[in-house]
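Read through the structure below, which is laid out as structure tokens, and then see the notes.
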Amino acid sequence: MSLRVYNTMSGKKEEFQPLTPGKVGMYVCGVTVYDYCHIGHARANIVFDIIYRYLKFSGFDTTYVRNYTDVDDKIINRANERGIPSKELAEDFIRAFDEDMAALGLAKPTHEPRATEYIDKIIEICRILIDKGLAYASAGDVYYRVDKFDRYLQLSKRNMEEMQAGARITTGEQKENPMDFALWKAAKPNEPLWESPWGAGRPGWHIECSAMSSSLLGDSFDIHGGGRDLIFPHHENEIAQSEGASGKPFAKYWLHNGFVNVNQEKMSKSLGNFFTIRDILQTYDPEVVRFFILTAHYRSPIDFSDQNLADSQTGLSRFYEALQLAEDAVDGITETGIKSSLGAELETRFREAMDDDFNSALAIAHLFEGVRNMNRLCATKKFRKKADLVAQVRDLRATVLRLGEVLGLYNSNPAQWLEKLKFTGLAKLEISAEEIEAQIEARKQARTDKDFARSDEIRDALIERGIELLDSQQGTTWKLK
RNA sequence: GGCCUCGUCGCCAAGUGGUAAGGCAGAGCUCUGCAAAAGCUCCAUCACCAGUUCGAAUCUGGUCGAGGCCUCCA
């Protein structure tokens, strides 16, 4: 089975066939750097991170471009509020973005261009559009003449009449048509500016993506991605600009991720109901956040809540506990060369899921079955003496790790990951590790004395305080309840 | 007002024509001094109504409900 992707342009899943066999060019709209990223940004970036990883895993030579929009009204406003140059503000938030994405374990894109590095290209596109009659200069601004581009609104499936019927469109003084959008804006006081044939100014929003994508991927490329909220106007305008200027088809497949909701409502800056990535990482491990996001399909909305994150943490722990168990179970047993087909079977199911429009939720479900399989095998009587089972566990463990890598999951050391989780949780309880160890010692003595009443008393007291004891052959350990 | 999504077990969540994945929670059992973990078993007919079909959660129409876009937004 080969890869199928849902294309917003056609509204359905299509067979994925790159323009050049074996190669993929992918452009994803990055962030406008004027504030810290919230969980919605985390989702978009994680989603395209796994799409990138899976394309490479599938053998495509993939070029992934994700930009920074570092010149924009909001950046300028925020910088002026703080009394610092907008370039400085942008730099600060680019750094913050990079830190957040690194924390979330994102692979670095092939290119991470900044809008301000492409001013020449932006001016060139404006000029071509004006020459073709698709744009016009007006009082130092340059606007796109949308009614000259007949494919306008094809992506968002609207029409001009209903758009104009909407009461919220305000007529710009300089525009021929209220629907026209700015390619270039004349500089106002306290704004960064660049010289252009239309006077000093700066790019409008949208044009930078056309400039960067064509510079790095060519006029036509395979995948263009971003959040749903970018479909209109951002992506619609990009198409108009890029295809208008080049005369060639722009992106072949349009992929859009769904929103992160809070209480069934879209999380957004304007609603003020957002949680920043840094805030969330105070409480949850970055991999838990990633796991949470990937247990839903990328196009579905997901509801962000403490409960959902906690559930994801439990689910991810199951993986690490199983990986730890498997590691211990086969430790020290010599390799026999016995073959196992379990890993290959798991990989087939994983690929089928991911090939179906990157269904990471289903892929993870398959991996959960791999976990159950591993646990079952390890729990078999005289497991260590059964070379075929040992080979199967080794195979499954290696496969879960390898496929997990494609999702950016399970790549921590299990023991360390579980330890970290334990001690992070412990910090919120009013009990120390030393005290727990002391209680374990006391209980051990009681058990040696066969004083089970005392032993159970200690256990129950700890449970009251949120600590659960685990007895095993190797002794007693503890975990958070 | 226009356009577009979505509505699956207590919770999260796959499944878009062939008879409901997975996780969490829950019940029983095995294991355990007792527990925990792990394993095994059990646990939904898919908002509602009507239709198409041999057959529908999946297609069509309608009803109700939720959300999104139309303004900055991942």
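So you know, we letter chains A, B, ... as the sequences are listed, proteins then strands, and number each from 1. It should be emphasised that the depicted structure is a prediction, and the values quoted were computed from it without experimental measurement.
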May I ask which nucleotide in the shown strands pairs with B:rA21, Watson-Crick or G-U wobble, both distances under 3.5 Å? none

Pick the C1' atom in B:rU45 and in B:rA21, then give their distance to the nearest Å. 15 Å

Partner of B:rA50 under the Watson-Crick or G-U wobble criteria, both distances under 3.5 Å, comes out as B:rU60

Taking B:rG2 as the reference, what is the distance to B:rG15 when you measure between their P atoms (whole Å, please)? 31 Å

A:N373 atom CG is separated from B:rC40 atom C1', nearest whole Å, by 14 Å

Salt bridge or not for A:D100 and A:R278, using N-O below 4.0 Å? yes

Nucleotide forming a Watson-Crick or wobble pair with B:rA13, both distances under 3.5 Å: none

Please report the distance separating the P of B:rG10 from the corresponding atom of B:rA44, rounded so that it comes out in whole Å. 10 Å

Between atom CG in A:D328 and atom P in B:rA38, what is the gap in whole Å? 15 Å

C1' spacing across the pair B:rC43 / B:rA27, given as an integer number of angstrom: 8 Å

Ignoring backbone atoms, test whether A:R66 places a side-chain nitrogen or oxygen under 4.0 Å from the OP1 or OP2 oxygen of B:rA74. no

Quantified in whole Å, what is the P atom distance between nucleotide B:rU58 and nucleotide B:rC48? 10 Å

Can A:Y54 and A:D355 be counted as having a side-chain donor-acceptor contact under 3.5 angstrom? yes

Please tell me if the side chains of A:M101 and A:K108 come closer than 4.5 Å, counting only heavy atoms from C-beta onward. no

Name the nucleic acid region contacted by A:F368, choosing base, sugar-phosphate or nothing; use a 4.0 angstrom heavy-atom cut-off, strictly under. sugar-phosphate

Is the A:F16 ring parallel, tilted or perpendicular to the A:Y253 ring (thresholds 30°, 60°)? tilted

Gap between atoms CG and P, on A:D35 and B:rC72 respectively (whole Å): 18 Å

Can A:R443 and A:E457 be counted as an ion pair, charged N to O under 4.0 angstrom? no

What is the distance, rounded to the nearest whole Å, between atom CG of A:D456 and atom C1' of B:rG33? 8 Å

Using a heavy-atom cut-off of 4.0 Å across all strands, would you classify A:V260 as base, sugar-phosphate, or nothing? base

Taking atom P of B:rA35 as reference, at what distance in whole Å does atom CD1 of A:I440 sit? 19 Å

Using a heavy-atom cut-off of under 4.0 Å over every strand shown, decide if A:G258 touches base, sugar-phosphate, or nothing. base

Touch check for A:L469, heavy atoms < 4.0 angstrom, all strands: base, sugar-phosphate only, or nothing? base

On the ring face of A:F259, is A:K266 found with NZ or CZ under 6.0 Å from the centre and within 45° of the axis? yes

Roughly, in whole Å, what's the span from CG in A:N237 to C1' in B:rC70? 13 Å

Measure from the side-chain N and O atoms of A:Q324 to the backbone N and O of A:A415, and report whether any donor-acceptor pair falls under 3.5 Å. yes

Whole angstrom is fine here: how far is it from CZ in A:R318 over to C1' in B:rA25? 14 Å

Testing B:rC34, B:rA36, B:rG22 for proximity to the side chain of A:E369, the answer is B:rG22

Taking A:R290 first and then A:D49, would you say they form a salt bridge - that is, a charged N and a carboxylate O separated by under 4.0 Å? yes

Taking donor-acceptor contacts at under 3.5 Å, does the side chain of A:S455 reach the base of B:rG33? yes

Complementary nucleotide for B:rC40 - Watson-Crick or wobble, under 3.5 Å: B:rG28

Assign A:R459 to base, sugar-phosphate, or nothing according to its heavy-atom contacts below 4.0 angstrom with the strands shown. base

Given the options A:F232, A:W184, A:F181, A:H206 meets ring-ring contact (aromatic ring centres under 6.0 Å, His included) only with A:F181

Just name whichever nucleotide pairs with B:rG67, Watson-Crick or G-U, keeping both distances under 3.5 Å, else none. B:rC4

Between B:rG7 and B:rA14, how far apart are the P atoms? Round to whole Å, please. 9 Å

If you measure from the C1' atom in B:rG55 to the same atom in B:rC31, how many Å do you get, rounded? 46 Å

Looking at side-chain heavy atoms only, is the closest gap between A:R459 and A:D471 below 4.5 Å? yes

What nucleotide, of B:rC40, B:rA74, B:rA36, holds the atom closest to the side chain of A:E468? B:rA36

Within the side chain of A:R66, is there an N or O that forms a donor-acceptor pair under 3.5 Å with the backbone of A:G30? no

Quick one: does A:R447 reach the base of B:rG33 with a side-chain donor-acceptor pair under 3.5 Å? yes

State the pairing partner of B:rC34; accept Watson-Crick or G-U wobble contacts with both distances under 3.5 Å, and report none otherwise. none

Considering only heavy atoms from C-beta outward, does the side chain of A:T399 approach that of A:F350 to under 4.5 Å? no

Scan A:R372 against the nucleic acid and name what it touches under 4.0 Å (heavy atoms): base, sugar-phosphate only, or nothing. sugar-phosphate

At under 4.0 Å between heavy atoms, what does A:G40 touch on the DNA or RNA strands: base, sugar-phosphate, or nothing? base

Donor-acceptor side-chain pairing of A:S340 and A:Q392 below 3.5 angstrom: no

The contact string for nucleotides 3-17 of chain B, one letter per nucleotide 5' to 3', using protein heavy atoms under 4.0 Å with B, S and - for base, sugar-phosphate only and none, comes out as S--------SSSS--

Heavy atoms within less than 4.0 Å of RNA chain B: which residues of residues 396-417 of chain A have one? Give them sorted by number. none

5' precedence on RNA chain B between A:R443 and A:N263 (nearest-nucleotide basis): A:R443

Closest-nucleotide 5' rank along RNA chain B - winner of A:E321 and A:G30: A:E321

Can you measure A:F350 atom CZ to B:rG22 atom P for me and round it to whole angstrom units? 18 Å

If you look at every strand shown and take non-hydrogen atoms under 4.0 Å, does A:R454 touch a base, only sugar-phosphate, or nothing? nothing

Using a cut-off of 4.0 Å on non-hydrogen atoms, how would the nucleic acid contact of A:N257 be classed: base, sugar-phosphate, or nothing? base

With rounding to whole Å, what would you report as the distance between B:rA25 and B:rA57 at their P atoms? 30 Å

